[in-house]
Amino acid sequence: MTPEELAVVVRGALAELAARGDLFVAVPDDVHIERPRNRDHGDYATNAALTLAKQAGIPPRELATALAEALTACKGIESAEIAGPGFVNIRLDDAAQGELARGIVTAGVAFGTGTALAGRTVNVEFISANPTGPLHLGHTRWAAVGDAIARVLAAAGATVAKEFYINDRGVQMDKFGASVMAAAHGKPVPEDGYHGGYILDLAAEITAAEPAILQLPEEEQLIAFREAAYGLQLRQQQSVLRIFHTEFDVWYSERSLHDSGAVVKGLDKLRGQGHVFELDGATWLRTTDFGDDKDRVLIKADGEYTYFASDTAYYVDKRDRGFDLCVYLLGADHHGYVNRLRAVAACAGDDMDNNVEVLIGQLVKIVRGGEEVKLSKRAGNIVTLEDLVDEVGVDAARYSLIRYPADSPLTLDLEVITQRTSDNPVFYVQYAHARVCSVLRNAEELGIDWRSANFDPSQLSHPREGELLGALGQFPRVVASAAELREPHRVARYLEDTATAYHRFYDACRVLPRGDEQLEPEHIARLWLCAATRQVIFNGLTMLGVSAPERM
RNA sequence: GCGCCCGUAGCUCAACGGAUAGAGCACUUGACUACGGAUCAAGAGGUUACAAGUUCGAAUCUUGUCGGGCGCACCA
């Protein structure tokens with residue numbers, strides 16, 4: 001029995017009280033079932049009596065008593081007792097709890113998915129770096145977390161597209177091109193240009209492939225270098241992200257937004273909504289109508305579009321492409337954009353509470369052995385995504401970024417994640433998965449066909465089995481809350497708890513018969529439990545984009 | 001000055017408004033002639049920055065104070 005199924009039972013019990021005339025309130029749609037921290041309190045607990053008491057005009061403990069009595073009579077419930085101010089602690093009988101293992105194995109990869117966001121079409125945009133250098137650790141946090149958010153939303157039933165907005169327009173691109181060109185001629189890079197060692201590499205690669213480029217007239221040559229370097233750098237970013245298991249559905253170029261007429265179209269849409277005005281020779285969007293602290297310029301007095309104009313047009317374009325929710329994942333240095341982007345949605349005639357969502361990820365601070373590492377792309381002093389992956393591997397890198405909520409600042413010590421990789425929690429979870437696989441492999445070698453054997457769920461009566469089943473049953477609600485809150489770290493933390501439950505179970509309960517032992521129903525039941533555990537850990541790790549190895 | 005985020009164990013961090021605030025690392029001590037010891041068990045470590053308020057109940061919500069990060073362009 002999952003907590004969700006138990007909630008249905010509790011609602012049924014409340015409805016029964018209401019039918020008997022013992023309760024004069026509407027039975028709530030969602031009854032809260034929680035898992036007590038202290039297992040002495042039972043398998044599950046509900047605070048329904050506490051929350052309904054005031055409304056019903058009945059003392060909480062009195063209502064709890066009636067609820068407990070009604071629950072005790074329900075199938076699958078061994079006991080229900082009141083506790084504290086009016087909690088009802090519920091203990092399931094072994095068979096009802098053990099049945100969960102069969103349910104999980106039967107559901108397979110679908111176990112944990114839900115329909116809370118069914119019908120929603122969501123665009124998740126993240127990273128969106130300039131193609132003027134390698135992706136660094138600031139981008140890396142969203143590369144991992146953004147991808148996991150998209151996966152979790154999909155698990156909740158949404159149709160999700162992951163999108164990368166390429167900032168390939170503007171003066172930064174020109175500075176980038178100028179830097180590479182200077183390097184190609186062996187000259188010092190301009191002061192305000194890009195100084196990383198990768199600039200030299202790009203210059204060398206470009207001139208090797210196209211030596212004649214050095215003979216072009218200066219203006220033409222600058223453009224040639226810029227475009228060639230852009231292409232190489234973009235492909236490098238794409239390749240690294242692919243290695244990192246973050247695949248984008250759409251790479252959207254800012255230039256194409258202008259070339260396709262989308263910018264003009266977007267502006268027309270905003271004008272039609274009546275929020276565009278002219279002042280001092282510039283064209284403005286009145287974002288202050290919707291909570292922004294100042295109005296924003298769309299077209300400068302010199303006739304040039306601002307970056308903000310691209311942003312607005314991009315939003316309109318996303319909506320035109322059929323997305324009903326546009327999620328933006330931005331770094332903390334962009335938090336000033338939150339109100340502005342919401343205002344853009346409102347100016348376009350949309351609902352800024354439902355069509356747009358901006359999540360801010362706090363910056364990642366890097367230390368190496370306690371010493372802070374200052375990052376500066378232009379100075380070339382950066383830790384790249386590629387470096388990180390090379391040093392710790394994709395799984396450890398992704399996992400150590402995902403297991404913390406993105407809205408709190410994070411300090412990563414490179415020395416810790418590079419030198420003590422075996423202490424990384426990802427290995428703890430992966431090890432649990434590998435261990436289950438090993439047991440199931442051994443069962444197969446012993447010729448035990450647990451799938452065809454009779455599964456008696458009441459065999460799973462050991463406390464450690466109960467703990468493990470309880471943990472497994474939490475998975476769907478953890479996924480649902482991770483999706484609702486856009487917090488995939490909840491899945492990671494959950495997997496660590498589940499791995500612990502498995503290791504503890506494994507330590508206390510022998511799964512396979514030893515040498516001269518007969519195969520007992522208990523062995524079969526435990527194999528079902530193992531199979532269910534493997535499925536949950538596999539599903540969870542997959543949701544985070546982390547591999548679930550069968551051997552380590 | 002204004003705005004956003006954050007202050008929880010020595011360190012890095014958890015905790016739908018729920019019961020005795022939890023993990024990992026580090027520290028102390030135990031457990032393999034058993035399916036993977038990358039494991040398990042036990043110990044120690046806290047005025048949840050501070051102060052009021054809201055209620056059956058606050059690390060969580062409100063307000064204020066202090067401390068830290070980041071941002072406040074006709075830049076991109």
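Each chain gets a letter, A, B and so on, in the order the sequences are listed, and its residues count up from 1.
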In terms of side-chain heavy atoms of Phe427(A), which of rC5(B), rC40(B), rA38(B) is nearest? rA38(B)
Please tell me whether His462(A) and Phe505(A) form a close aromatic pair, meaning their ring centres lie under 6.0 Å apart. no
By the 4.0 Å heavy-atom rule, please label Asp292(A) as base, sugar-phosphate, or nothing. nothing
Take atom P in rC40(B) and the same atom in rC35(B), then report the distance between them in whole Å. 16 Å
Which nucleotide in the list rC74(B), rG69(B), rA14(B) gets nearest to the side chain of Gln362(A)? rG69(B)
Please classify the nucleic acid contact of Leu440(A) as base, sugar-phosphate, or nothing, using heavy-atom distances under 4.0 Å. nothing
Quick one: label Ile360(A) by what it contacts on the DNA or RNA (base, sugar-phosphate, nothing), any heavy atom closer than 4.0 Å. nothing
Regarding Glu34(A), tell me which of base, sugar-phosphate or nothing describes its non-hydrogen contacts under 4.0 Å with the strands shown. base
Heavy atoms under 4.0 Å, any strand shown: does Ala301(A) hit a base, just sugar-phosphate, or nothing? base
Nearest non-hydrogen partners of Arg477(A) and Ile33(A), listed with the distance: NH1-O, 2.7 Å
How about Phe126(A) and His139(A): are their ring centres within less than 6.0 Å of each other? no
Aromatic contact between Phe176(A) and Tyr230(A), with the criterion being ring centroids under 6.0 Å apart: yes or no? no
What does Arg493(A) touch in the nucleic acid at a heavy-atom separation under 4.0 angstrom: a base, only the sugar-phosphate, or nothing? sugar-phosphate
Indicate, with a heavy-atom threshold strictly under 4.0 Å, whether Arg403(A) touches base, sugar-phosphate, or nothing. nothing
Does Tyr428(A) lie flat on the base of rA38(B), that is, centres under 5.5 Å apart and planes under 30° off? no
Residue-phosphate contact under 4.0 Å: His489(A) side-chain N/O, rA15(B) OP1/OP2: yes
Interatomic distance at C1', rU20(B) relative to rG10(B), whole Å: 23 Å
Spacing of the C1' atoms in rA59(B) and rG18(B) (rounded, Å): 13 Å
Measuring to OP1 and OP2 of rC75(B), would you say a side-chain N or O of Lys300(A) lies under 4.0 angstrom away? yes
What integer number of Å spans the P atoms of rA21(B) and rU60(B)? 15 Å
Look at the side chain of Asp311(A) against the base of rA76(B) and say whether a donor-acceptor pair falls under 3.5 Å; ignore hydrogens and angles. no
Which is true for Asp407(A) with a 4.0 Å heavy-atom rule: it touches a base, it touches only sugar-phosphate, or it touches nothing? sugar-phosphate
Reading 5' to 3' and counting Watson-Crick or G-U wobble pairs with both distances under 3.5 Å, write the dot-bracket notation for RNA chain B, | for bases paired outside the strand. (((((((..((((....[...)))).(((((.......))))).....(((((..]....))))))))))))....
With P as the reference atom in both, quote the distance from rG7(B) to rA15(B) in angstrom, rounded to an integer. 10 Å
May I ask you to say what Cys509(A) touches in the nucleic acid, namely base, sugar-phosphate or nothing, with a heavy-atom cut-off under 4.0 Å? base
May I ask you to say what Ala83(A) touches in the nucleic acid, namely base, sugar-phosphate or nothing, with a heavy-atom cut-off under 4.0 Å? base
Please state whether the base of rG18(B) and the side chain of Asn47(A) form at least one donor-acceptor pair under 3.5 Å? yes
Assign Asp280(A) to base, sugar-phosphate, or nothing according to its heavy-atom contacts below 4.0 angstrom with the strands shown. base
Would you indicate what Ala45(A) reaches in the nucleic acid, counting non-hydrogen atoms under 4.0 angstrom: base, sugar-phosphate, or nothing? base
When you measure from the centre of the six-membered ring of Phe538(A), is the NZ or CZ of Arg534(A) closer than 6.0 Å and no more than 45° off the axis? no
With a 4.0 Å cut-off on heavy atoms, is Met173(A) in touch with a base, just the backbone sugar-phosphate, or nothing at all? nothing
Is it true that the NZ or CZ of Arg435(A) lies under 6.0 Å from the centre of Tyr502(A)'s six-membered ring and within 45 degrees of the ring axis? no
Quick one: label Tyr431(A) by what it contacts on the DNA or RNA (base, sugar-phosphate, nothing), any heavy atom closer than 4.0 Å. base
Between rA34(B), rA76(B), rC70(B), which one does the side chain of Tyr337(A) approach most closely? rA76(B)
Please answer whether rC35(B) and Tyr506(A) are stacked, defined here as ring centres separated by less than 5.5 Å and planes angled under 30°. yes
